[in-house]
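I have placed the structure first, in the form of structure tokens, so that the comments after it can refer back to it.
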Amino acid sequence: MIKHKAGPPRWRTSSYSSGGNPDCVEVAPFAAVVAVRDSKDPDGPRLGFGAAEWAAFMRDVRAGSHELI
């Protein structure tokens, strides 16, 4: 389980998640990782990605390398 040392994490939902769409993920920065969870199950499992992995993913998203639905 990912622990957060500086109080509760600040989970964010993508600006693309609007209009009551239930298929959302949320992200929260931690000291060494970016955590990702399903917004429908906030107490459920979470994935953790290293800073370099997350930065590469975000570059790919911005470059249009992933189909976002």
Side-chain angles (χ1 to χ4, degrees):
M1 175 179 225
I2 300 169
K3 300 281 186 182
H4 193 264
K5 294 181 181 179
R10 294 180 182 216
W11 292 98
R12 296 184 336 210
T13 303
S14 169
S15 59
Y16 288 98
S17 299
S18 61
N21 183 354
D23 298 324
C24 303
V25 296
E26 297 175 317
V27 298
F30 286 78
V33 299
V34 174
V36 180
R37 71 180 183 183
D38 184 341
S39 62
K40 294 182 302 296
D41 188 11
D43 295 320
R46 297 163 184 173
L47 299 173
F49 298 92
E53 294 170 307
W54 187 255
F57 171 69
M58 293 305 300
R59 276 193 304 274
D60 287 349
V61 168
R62 290 183 183 114
S65 299
H66 300 284
E67 183 178 337
L68 304 176
I69 54 172

Distance, nearest 0.5 Å, that separates CD of Glu26 from CG of Asp38: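 Glu26 atom CD to Asp38 atom CG measures 8.5 Å (nearest 0.5 Å).
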Rounded distance [0.5 Å steps], CZ in Arg46 versus CG in Asp41: 9.0 Å
Parallel, tilted or perpendicular: ring planes of Phe30 versus Trp11, cut at 30 and 60 degrees: perpendicular
Test side chain to side chain contact (heavy atoms under 4.5 Å, CB included) applied to Val27 and Trp54, step by step: CA-CA 11 Å; Val27 298; Trp54 187 255; 3.5 Å; yes
